[in-house]
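Some notes on the structure that comes next.
Chain naming here is simple, since letters A, B, ... match the order of the sequence lines and numbering starts at 1 in each.
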Amino acid sequence: MARYNAKESEQRWQAAWNARQAFLTPTDSTKPKAYVLEMFPYPSGRIHMGHVRNYTMGDVIARFRRAQGFNVLHPMGWDAFGLPAENAARDGGVDPRAWTYANIDAMRTELKALGLAIDWTREFATCDPDYYKHQQKLFLEFYNGDLVYRHEADVNWDPVDLTVLANEQVIDGRGWRSGALVERRKLSQWFFRITRYSEELLRALDGLDRWPDKVRLMQKNWIGRSEGLRFSFQLSNGEALDVFSTRPDTLFGASFVALSPDHPLTEELAGADPKLVDFIAQCRRTGTAEAAIETAEKLGYDTGLTAAHPFDPGWKLPVLVANFVLMGYGTGAIFGCPAHDQRDLDFARKYKLPVLPVVVPEGADPKEFALADAAYVGPGRLANSRFLDGMDVESAKTEVAARLEARGIAKRTVNYRLRDWLASRQRAWGCPIPMIHCATCGAVPVPESDLPIKLPDDLDFSVKGSPLDAHPTFKHANCPACGGNALRDTDTLDTFVDSAWYFARFADPFTADPVNREAVNYWLPVDQYIGGIEHAILHLLYARFFTRGMHATGWTRIDEPFASLFTQGMVCHETYSVADDSATGSHYVEPVDVEKRGDGTFLKGTDVAVTVGPSEKMSKSKKNVVAPMGMIDSYGADAIRWFMLSDSPPERDTDWSETGAEGCWRFVQRIHRLVVEAEGLPLPGAAIGEVSGAALALRQAAHRAIAAVTEDLGNLRFNRAVAQIYTLANAIQAHPAADGAVRREALETVVKLIGPMMPHLAESCWEALGHTVLLVDTPWPSFIEALTKADSVTIAVQVNGKRRDEIIAAVNAPEAQLREAALATDGVRRALDGKAPKKVIVVPNRIVNIVA
RNA sequence: GCCCCUGUGGCGGAACGGUAGACGCGGCAGACUCAAAAUCUGUUGCCCUCACGGGCGUGCUGGUUCAAGUCCGGCCAGGGGCACCA
């Protein structure tokens, strides 16, 4: 018997689907719509296993919904601007545009080999001028709608390369190429006013009930709504200083007031204090990354000023500048209460400031309550706090707020952690910002008729700083307002802007407007969005904001772009290393150079021992990357797709293993064999009569599989769907004598169920079963409810929670009968050893537990 | 440092608070074969026992419950994000 030839079959069916134009998507349709979208890839050059996993999952959903009768939109595009192209240009002297489009061509070929059910006519790349010109238009409309503004912001500055660094390019506080200590520097940049929607973005999370709870929680924490009190201290220099606190109840535990190094008052004081200037410079030697700032050693500088305690003007608190106070949160100034805030405590210990507990746990004696290294942040009663003594935390907050508000020096406010979105990038491979800076008129929008502002073709990446800024002609323009000489903005937009609205463009990528309102209103929101958990906050939040902005500017009628979200886990692989003479003593080697023999793991064809390390996310640096294309060559796209769906729950990380892929390939062959070796099958459509015995068991297996797989695919539980299909395949082999029509039903069922997952194999089998209509045009199977039900059930019998026996009973057998049967079992008699049971718990259809 | 997640056999994992280990990989034994590959059948958490049977088991630890992988408290380990990687 001929084996299944995956390569031949896959090419054949991909051609057949193409010829049939099976996956083109008409916008107008009477069918219900399903917009299935996977996060579009960055065109790095080759697809990796993470892409295979992501796009296979999306493809299964798209094909499944299509079979269920939905009008499916399943597009693909390229998130094509970004740093890697710029790095390639700088390092390899290549043109970023040529590099990017060549990568796109290579990756498109690879994706097509997977047999994805994608409408390729809708493909675009964000670096196409025909895409980014619309983005420039949206930017201008957002600007007119007061959703874009200009403001100063810090960047990582490399003082040697004279360039702005991405956080990724700052390694241990130094520039990745120059090795120079990175500084923070202020630049005037464009911001999106995402904070206008802080409350709205937070509240709407409740409605996203088909998003993972953890993603909603992460977004909620990111937005970081907190209610507190904003009030002012009177300073010894006569000024008033505003602070924000979520714990005004701890005001009597205050031991200092701290200013951000970026606070206006700090800058004012620095004018007369060279040492403070040095201190600020020292604080600025950390990059802009929050992790770097938060883990930096706490530094303080005493300004010499004091602040009067609001409830005791004679009580003077020192005013310090502290590196852990962020200008971007609250007012950029705080009062420090070391006993009840960990950072304040660390700071107070270092600078020998007083630590006075003012909240003690219920029942503890205030005189004896002392703190070691941990601040007390739990609930309790106020102490050492004069008129607050004895109150609980909430009452004390209210009391302090009321008293200070009555004096007109405080206001209860809501504060958000969310900051406005800094969108300017000092990069050359990005969407140009359509603004012109005129000495007389200020920042002036480019007229819409001048769009797109295209990137020049002749950027020189050998210059220091931004090649776009260094370009001889790009930046020179006439002011649209006064006509005088002016300069273009030479920054580009954050690539997150590109991905904040691409899903709307897919609804009609041909329209002359940014989006086609009719198409967008039909297709959006995306019914199933699938992508990596690493995008749980930024990309998704920006897309949610942008959709609201497009609503405000009249392009859409919706606010939430993604009705259902699924976040997939990463693909990992073992790491391999061999000993060498280097400082680290070993270096990584690639899986293709490794072989496992009976007595260990070795470099291929040698006796050099290889150390097998833990399984980690596939990365170039660890050399544990397995290229999907080689695997598709060996086993076929279907086997690789099947492997990606098997075993691991899709939201969890998974390990690539070649033995696993081999197992999948054997299953491909097994299904093929089951179908082509089937004998005595009636013609398609044969009726099934009354059946019993083995035939009934096989029918039940088929119908149970349909019910289970339908439910599992609907919930993206691909690994469980795979297990159900194995069970059905096992049942078909276990009942070889079943009636021919029943056997045909079971075989057709298994073929239809694997259709979304292994579409090429399924088409071949479908044809072998005598069908002339393509499987992609065949509806999803339905099941007969009665055939999925069992008539008896095995019930475990426990004594004191330990399983001692089991009974078989009719479904829904009455409690009394189950109790009697359970007490009569050998296992129970042995365990009771003549003692009388104290209590018997009966859970019908599940369990009997006897308490002795 | 802060936020979020994960932890179950040799391995990937399954399990509405109700028989822990479905399904797969791997292993072992057998069938077929001159032989191998492929395929098929059986078996496979650990420990004691010829067996019947029993004990132990879901990162550690304490609790709630007739019953805990699942719920609650405290730890430990690994991973993701932290606003200029995408």
Side-chain angles (χ1 to χ4, degrees), chain A residues 3 39-42 44 79 81-84 153 155-156 164-170 194 212-215 217-222 224 287-296 298 324 328 342-343 346 417-427 494-496 498-499 532-539 541-542 567 569-570 572 614 616-617 643 646-649 651-655 657 659-664 666-667 669-670 673 719-720 722-727 730 733 794-798 800-806 827 830 838-841 843 845-851:
Chain A
R3 307 197 80 195
M39 291 179 186
F40 65 165
Y42 178 79
S44 55
D79 188 13
F81 278 133
L83 268 182
V155 294
N156 297 311
V164 176
L165 298 176
N167 284 334
E168 183 189 55
Q169 299 170 321
V170 179
I194 188 172
D213 286 343
K214 67 171 169 180
V215 174
L217 186 57
M218 286 160 85
Q219 293 223 344
K220 179 174 177 238
N221 291 337
W222 186 262
T288 60
E290 188 180 301
I293 295 168
E294 292 270 333
T295 53
K298 296 202 171 26
F324 65 92
Q342 191 60 48
R343 290 186 305 183
D346 295 344
R417 209 185 74 96
L418 181 66
R419 307 197 299 258
D420 276 333
W421 175 10
L422 170 57
S424 295
R425 295 291 181 269
Q426 295 70 43
R427 312 269 170 233
D494 181 3
T495 57
F496 273 124
D498 309 339
S499 55
I533 184 67
E534 68 274 16
H535 293 294
I537 296 177
L538 291 179
H539 161 58
L541 196 61
Y542 291 150
T567 53
M570 297 177 304
C572 304
E616 297 181 53
K617 177 180 178 173
F643 178 77
S646 307
D647 296 356
S648 292
E651 70 277 11
R652 206 96 62 85
D653 290 352
T654 188
D655 277 339
S657 81
T659 50
E662 275 173 29
C664 292
R666 281 200 297 272
F667 184 67
Q669 295 295 345
R670 188 172 150 209
R673 207 166 42 238
N719 55 319
R720 301 214 316 191
V722 164
Q724 300 291 351
I725 289 169
Y726 274 114
T727 305
N730 291 344
Q733 276 176 295
T794 303
I795 293 172
V797 180
Q798 298 180 332
N800 292 332
K802 285 192 194 297
R803 185 181 172 283
R804 293 299 175 188
D805 215 319
E806 62 184 32
R830 246 194 324 267
K838 287 192 190 121
K839 192 174 170 188
V840 180
I841 290 136
V843 182
N845 298 327
R846 294 242 170 237
I847 205 160
V848 178
N849 189 14
I850 295 159
V851 185

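- With a cut-off of 3.5 Å on both Watson-Crick or G-U wobble distances, the partner of B:G30 is given as B:C40.
- Remark: C1' of B:A83 and CD1 of A:Ile537 are 9 Å apart, rounded to the nearest angstrom.
- A:Thr288 and A:Asn167 are linked by a side-chain donor-acceptor pair at a separation below 3.5 angstrom, with hydrogens and angles left out of the test.
- In this structure, CG of A:Asp213 is placed 18 Å from P of B:C3, rounded to the nearest angstrom.
- At the heavy-atom level, A:Ser424 lies under 4.0 Å from base atoms of the strands shown.
- Summarising the base pairing, B:G1 is matched to B:C82 through a Watson-Crick or G-U wobble pair whose two defining distances lie under 3.5 Å.
- Under a 3.5 Å cut-off, the side chain of A:Asn849 and the backbone N or O of A:Gly801 do form a donor-acceptor pair.
- The gap from the P atom of B:A51 to that of B:G42 amounts to 22 Å, rounded to the nearest Å.
- In terms of phosphate contacts, A:Arg804 brings a side-chain nitrogen or oxygen within less than 4.0 Å of OP1 or OP2 of B:G54.
- Going from the C1' atom of B:G57 to that of B:A20 covers 9 Å, rounded to whole Å.
- Both distances falling under 3.5 Å, in either a Watson-Crick or a G-U wobble arrangement, occur for no nucleotide opposite B:U19.
- The side chain of A:Lys802 contributes an N or O atom lying less than 4.0 Å from OP1 or OP2 of B:C56.
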Using a cut-off of 4.0 Å between protein heavy atoms and nucleotide atoms, how would you tag nucleotides 13-29 of chain B 5' to 3' with B, S and -?
SSSB-BB--BSSSS---
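- Counting any heavy atom pair closer than 4.0 Å across all strands shown, A:Val155 reaches a base atom.
- The C1' atoms of B:C76 and B:G62 are separated by 15 Å, rounded to the nearest whole Å.
- For the OP1/OP2 pair of B:A83 and a distance below 4.0 Å, the side-chain nitrogens and oxygens of A:Arg419 include no atom meeting the criterion.
- The same atom, C1', is picked in B:U58 and in B:C46; the two are 14 Å apart, to the nearest Å.
- If you check B:C25 for Watson-Crick or wobble pairing at under 3.5 angstrom, you find it paired to B:G10.
- Taking the six-membered ring where the residue is Trp, A:Phe496 and A:His535 present perpendicular rings, their angle passing 60° and hence far from 30°.
- Salt bridge status for A:Lys214 with A:Glu651: absent, with no side-chain N to carboxylate O gap under 4.0 Å.
- For the P atoms, the distance from B:C23 to B:A15 is 13 Å, rounded to whole Å.
- Rounded to an integer number of Å, the gap from A:Gln733 CD to B:U39 C1' is 10 Å.
- Put simply, the side chain of A:Asp420 gets close to the backbone of A:Ile194: a donor and an acceptor are under 3.5 Å apart.
- The gap from the P atom of B:G78 to that of B:C72 amounts to 24 Å, rounded to the nearest Å.
- With rounding to whole Å, A:Asn221 atom CG is found 13 Å from B:C2 atom P.
- Comparing A:Gly827 and A:Ala423 along RNA chain B, the residue whose closest nucleotide (by nearest heavy atom) sits nearer the 5' end is A:Gly827.
- If you check every strand for non-hydrogen atoms under 4.0 Å, A:His535 touches a base.
- Counting non-hydrogen atoms under 4.0 angstrom, A:Ala296 reaches nothing in the nucleic acid.
- Going from the P atom of B:C16 to that of B:G7 covers 14 Å, rounded to whole Å.
- B:C71: Watson-Crick or G-U partner is B:G63, with both key distances under 3.5 Å.
- Without hydrogens or angle criteria, A:Arg425 side chain to A:Asp494 main chain gives no donor-acceptor distance under 3.5 Å.
- Base orientation for B:G9: syn, the chi torsion being within 90° of 0.
- At a threshold of 4.0 angstrom between heavy atoms, the contacts of A:Ala291 include nucleobase atoms, whether or not backbone atoms are also involved.
- Distance check on atom P: B:A37 versus B:C5 gives 49 Å, rounded to whole Å.
- Under the Watson-Crick or G-U wobble criterion, with both distances below 3.5 Å, B:A51 is left unpaired in every strand shown.
- A:Phe324 comes within 4.0 angstrom of no nucleic acid atom, judged by non-hydrogen atoms across all strands.
- As judged by a 4.0 angstrom heavy-atom cut-off over every strand, A:Trp222 is placed among the base-contacting residues.
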